[in-house]
Amino acid sequence: MFTKRIALSLLALTVGAGITLASTTTNTPGAVCVASSGSLINGASGESANFTNASATAVCAADRSIAPTLSTKVSAVVWVVDESTSANVCCTINSKNPSGTLISSPQVCSSGSTYASQTLTLAQITDGYTYSHYYVSCTVPALSGGLISKILGYRTVQD
């Protein structure tokens, strides 16, 4: 009886660990992002920067896991440099399906003007529709006194 309880306890731990291991975490360079409005230029270090006098909207792909298990939840962290004195870098994590339904996290923005990297943590969203795709979207401010704002990279966590 005692041996059976230990075996069942180990099985429960293994199953529990399997659920945790199902998460998929990926790091992606900002250079993967493309401009859906405005213009972005990729740098040699993998960043995507706005060298223009107008803000740009970046769309950054996040490959969605569908096999061996379907990902239904995604969250993200985006690393940015915001050197603008008049605007912030603002981002969301999104899921969109072919019928046009869009699910977005609340927008998170950088604060202040600094050459240092800032971390934007985007809340988890849920979408069980199997044909949806995930992406991060960010508004990158225009040049500010010759100073450049950029997306350095981003991490997605899918469950």
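All residue numbers refer to positions in the sequence shown, counting from 1. Source: prediction; values computed, not measured.
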Between [atom1] on residue [X] and [atom2] on residue [Y], distance to nearest 0.5 Å:
X      : Y      : atom1 : atom2 : result
Ile93  : Thr156 : CD1   : OG1   : 6.5 Å
Glu47  : Ile41  : CD    : CD1   : 11.0 Å
Leu120 : Ser110 : CG    : OG    : 6.0 Å
Arg155 : Asn27  : CZ    : CG    : 4.0 Å
Asp63  : Thr28  : CG    : OG1   : 7.5 Å
Ile66  : Thr130 : CD1   : OG1   : 8.0 Å

Closest heavy-atom contact between [X] and [Y]?
X      : Y      : answer
Leu122 : Thr92  : CD1-C, 3.5 Å
Ser104 : Asn94  : OG-OD1, 2.5 Å
Lys73  : Thr126 : CG-OG1, 3.5 Å
Ser95  : Ile125 : N-CD1, 3.6 Å
Cys60  : Ile151 : SG-CD1, 4.2 Å
Ser144 : Ser84  : CB-CA, 3.5 Å

Do [X] and [Y] come close enough that some side-chain heavy atom pair is under 4.5 Å?
X      : Y      : answer
Gln118 : Ser111 : yes
Val81  : Leu152 : yes
Phe51  : Ile148 : yes
Val74  : Val157 : no
Thr26  : Thr24  : yes
Leu147 : Tyr115 : no

**Prompt:** For residues 107-137, which residue pairs qualify under disulfide bond (SG atoms under 2.5 Å apart), counting only residues two or more places apart or in two chains?
**Reply:**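 Qualifying pairs, neighbours excluded: Cys90-Cys109.
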**Request:** Taking atom types as modelled, find out whether Thr85 and Ser113 have a side-chain donor-acceptor pair closer than 3.5 angstrom.
**Result:**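 No, no side-chain donor-acceptor pair sits under 3.5 Å.
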**Asked** Can a donor-acceptor pair be found between the side chains of Asn97 and Ser99 at a distance below 3.5 Å?
**Response**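 There is such a pair (donor and acceptor under 3.5 Å, judged by atom type) between the side chains of Asn97 and Ser99.
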**Prompt:** Crowded around Tyr131 OH? As in, over 12 foreign heavy atoms under 6.0 Å?
**Reply:**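 No, the 6.0 Å shell around OH holds no more than 12 heavy atoms from other groups.
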**Asked** Should we say atom CG of Leu70 is surrounded by more than 12 heavy atoms from elsewhere, each under 6.0 Å from it?
**Response**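 Enclosed: over 12 neighbouring heavy atoms sit under 6.0 Å from CG of Leu70.
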Would you be so kind as to tabulate the donor-acceptor pairs closer than 3.5 Å made by side chains of residues 133-142, with sequence neighbours excluded?
from   : atom 1 : to    : atom 2 : distance (Å)
His133 : ND1    : Lys96 : O      : 3.2
Tyr134 : OH     : Arg64 : NE     : 3.3
Tyr134 : OH     : Ser71 : O      : 3.1
Tyr134 : OH     : Ser71 : OG     : 3.2

**Request:** Start with the C-alpha distance between Asn50 and Ser149, add both sets of side-chain angles, then the distance that settles side chain to side chain donor-acceptor pair (under 3.5 Å), and finish with yes or no.
**Result:** CA-CA 6 Å; Asn50 185 357; Ser149 295; over 6 Å; no
**Asked** When hydrophobic residues are tied together by side-chain contacts of less than 4.5 Å, even through go-betweens, does Leu40 share a cluster with Leu143?
**Response**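 In one cluster: no.
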**Asked** Going hydrophobic residue to hydrophobic residue with side-chain gaps under 4.5 angstrom, can you get from Val59 over to Val32?
**Response**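 Val59 and Val32: separate clusters.
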**Prompt:** Between Tyr154 and Ala61, is there a donor-acceptor pair closer than 3.5 Å when you use the side chain of the first and the backbone of the second?
**Reply:**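 At least one qualifying donor-acceptor pair exists.
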**Asked** Of all residues at least two apart in sequence or in a different chain, which pass the side-chain contact (heavy atoms from CB on, under 4.5 Å) check with Ser39?
**Response**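 For Ser39, the residues satisfying side-chain contact (heavy atoms from CB on, under 4.5 Å) (neighbours in sequence not counted) are Thr52.
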